[in-house]
Amino acid sequence: MTHQIAIESVLREKRLFEPDPAFARRANVPGQAAYRRLRKEAETDYQRYWARLAKEHVDWFTPWKKVLDWKPPFAKWFVGAKTNISYNCLDRHLEGPNAWRRNKAAIIWEGEPGDQRVLTFGDLHREVCKCANVLKGLGVKKGDRVAIYMPMVPELAVAMLACTRIGAVHSIIFGGFSADSIRDRVNDAKAKLVITADGGWRRGQIIPLKDTIDEALQGADSVKHVLVVQRTGQSILMKNGRDQWWHDQMKTASSDCPPAKLDAEHPLFILYTSGTTGKPKGILHTTGGYLVHTTVTAKYIFDLKEEDTYWCTADIGWVTGHSYVIYGILSNGVTSVMYEGAPNHPDVDRFWEIVDKYNVTILYTAPTAIRTFMKWGDKHVRKHSLASLRLLGTVGEPINPEAWIWYHRTLGKKRCPIVDTWWQTETGGILITPLPGCVTTTPGSATLPFPGIFADILDEQGKPVGTNQGGYLVITRPWPGMLRGIYGDRKRYKEQYWSKYKGIYLTGDGARKDKNGYFWIMGRVDDVMNVAGHRLSTMEIESALVSHPEVVEAAVVGRPDEIKGTAIVGFVTLEQGNEPSDALRQTLRQHVAKEIGAIARPDEIRFTESLPKTRSGKIMRRLLRDIAAGRGSVGDTTTLEDYSILAKLREAEEA
Ligand code: WTA
């Protein structure tokens, strides 16, 4: 579907971009020979390779006894070792040879209204220690879960690092999720504490986060306290005994809090993501391996240097924000820019204003954002110099060659290498990517696995496919940042990722390899859509639709969309006695937004008397996708139960 389109367009892509020798000379992996040596080292003994990197890039309180304990599908990395992530992101930049970093900016933050804050590594350390003591005071202990529902403000970084300092497990919930979605996540993780803010700014409006939390916590009994950051200042309800103001608690908290010496496999965070069922999966990551993976990949892929000002535009509520706004960047002692709001507030050139103002050197964003900037027009970009930029990255979905070229020319002025990085919430960090200065790039391909990562493309039977043939993208050996499970659901973990091929990780993406061995990601092969770089489960949106009293049955599919990559189309059958109408269309779209969050709001609702099904009763999504995309030929329909439905759906399309 969308995959086929991707293949067609990328097959024509022949443009090659050789690494610039001047960039290569200064790069952390300095050129092709160095890159080949790294690959060779990793291929000879991948465990030794990761162990070397772990020793060089991360500080440990106690060394490991064994690099990897692999009992498929359960992996333990750096067995017996002890470390602490907040120590690696903060304390180690305040002492020893790097002590001068105490007064270096760790976070440069800009709020949407234009307010600014800079936290040095010293400041951040102090705030994190205080916050860790606040958490302790509120009864949070090692291993307890803390749910975080916050805008992009520095306190979010403080809160997550404070959790890691004492070994509490954070579960960050993206600020766009609805009360119901929050409740499910809080209950699944049995969170003891929620950290939130009164609100956050988005396109000049207040997002009322605390109100949403109040609604969400009706029916979430595990939560003992809510810690509330004052951001927007509007009046909110503070529930006596349960709710505490952040600033009150911080005022009296001690700034002395030694980092807990945590086992390498101590749980670090849970992050919920969409799967192929209606129930979100709590992806579980642990401490040591994740830290090694994010630190090393950030250093090599973004070519991080002491003097860089790095900006990843992702919200911390997604995995990209966890790994590459906070952990992988701060552990390298590099300055990370954080922006609270929308890219078009007050104007569509806000991002470029930020780049110029702080002299951002590395920019990491999503293809959907790039396409939006293209649509807004080059003149908004040209108003700004952007001379500080030296490297660009993308993540979240396949980038179409047109967007890649625009990114290269208009943003990067043909001077900046582009790293198209493929990875997932489950993988913890980047797995497939070029290294800048080393790998020749071609628009639309994420190129090669990071040295130490082993990827392949298999057919149904588990045989590697031939050149340019599509198949299932898999990872054949364990890697340090891999998920350790789905929280509270061993069975689903095994089934989802490890049951198709024994001992091999199934990514859920389709891909092909070209004659140079470059990987071309074709998109999801399961019932998960990628909408504007975010994973959404068709099932989850369907159950939201069906929960509306007037709906009997619903099927949700993606349709190719110029900006979002995929737009959401819902086919809906109504209860007897209800008439299709535009008003109902709007109601249903709103209903989904309320149930899940605005990101899941269908772009289009189509009413139909019934849905096309196979004889066994499975909805034929392939057909619906073709109809949604307005494609003429709908392919093979021999398994379709009721042919007349097709014609009717088409009529609905015309209406
Ligand atoms: C897609 C985001 C093509 C893919 C880090 C994957 C990509 C899903 C790329 C994970 C890329 C991510 N090229 N597709 N560079 N990066 N994807 O869990 O389908 O939000 O499985 O993690 O996004 O989305 P998630």
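Atoms within each ligand, like the ligands themselves, are counted from 1 in listed order.
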Heavy-atom distances under 4.0 Å decide this one: backbone, side chain, both or neither, for [X] against ligand 1?
X    : answer
I399 : neither
T425 : both
E397 : backbone

Only heavy atoms of [X], strictly under 4.0 Å: list the atoms of ligand 1 that pass.
X    : value
T421 : 9 (C), 11 (C), 15 (N), 16 (N)
R524 : 19 (O), 21 (O)
T320 : 5 (C)
V319 : 5 (C), 22 (O)

Could [X] and [Y] be called an ion pair, given the rule that one side-chain N must be under 4.0 Å from one carboxylate O?
X    : Y    : answer
R559 : D603 : no
K500 : E460 : yes
K279 : D184 : no
R185 : D188 : no
K513 : D456 : yes

For [X], is the nearest heavy atom under 4.0 Å from an atom of ligand 1?
X    : answer
W318 : no
G508 : no
T507 : no

How far is [atom] from its nearest protein heavy atom, and which residue and atom name does that atom have?
atom                    : answer
atom 16 (N) of ligand 1 : G396 N, 3.0 Å
atom 3 (C) of ligand 1  : P398 N, 3.0 Å
atom 4 (C) of ligand 1  : D509 OD2, 2.9 Å
atom 8 (C) of ligand 1  : R535 CD, 3.8 Å

Practice item. Check the pair E562, K375 against salt bridge (charged side-chain N to carboxylate O under 4.0 Å, His left out), reporting the backbone distance first and the verdict last. Key: CA-CA 10 Å; E562 235 177 83; K375 188 186 79 180; over 6 Å; no
Students often mix this up, so state it plainly: with edges at 30° and 60°, are the rings of [X] and [Y] parallel, tilted or perpendicular?
X    : Y    : result
W352 : F373 : perpendicular
H322 : H170 : tilted
W50  : F450 : parallel

Q. Is there a donor-acceptor pair closer than 3.5 Å between any side-chain N or O of R390 and the backbone N or O of T361?
A. no
Nearest heavy atom to atom 2 (C) of ligand 1, choosing from W520, F519, W423, belongs to W423
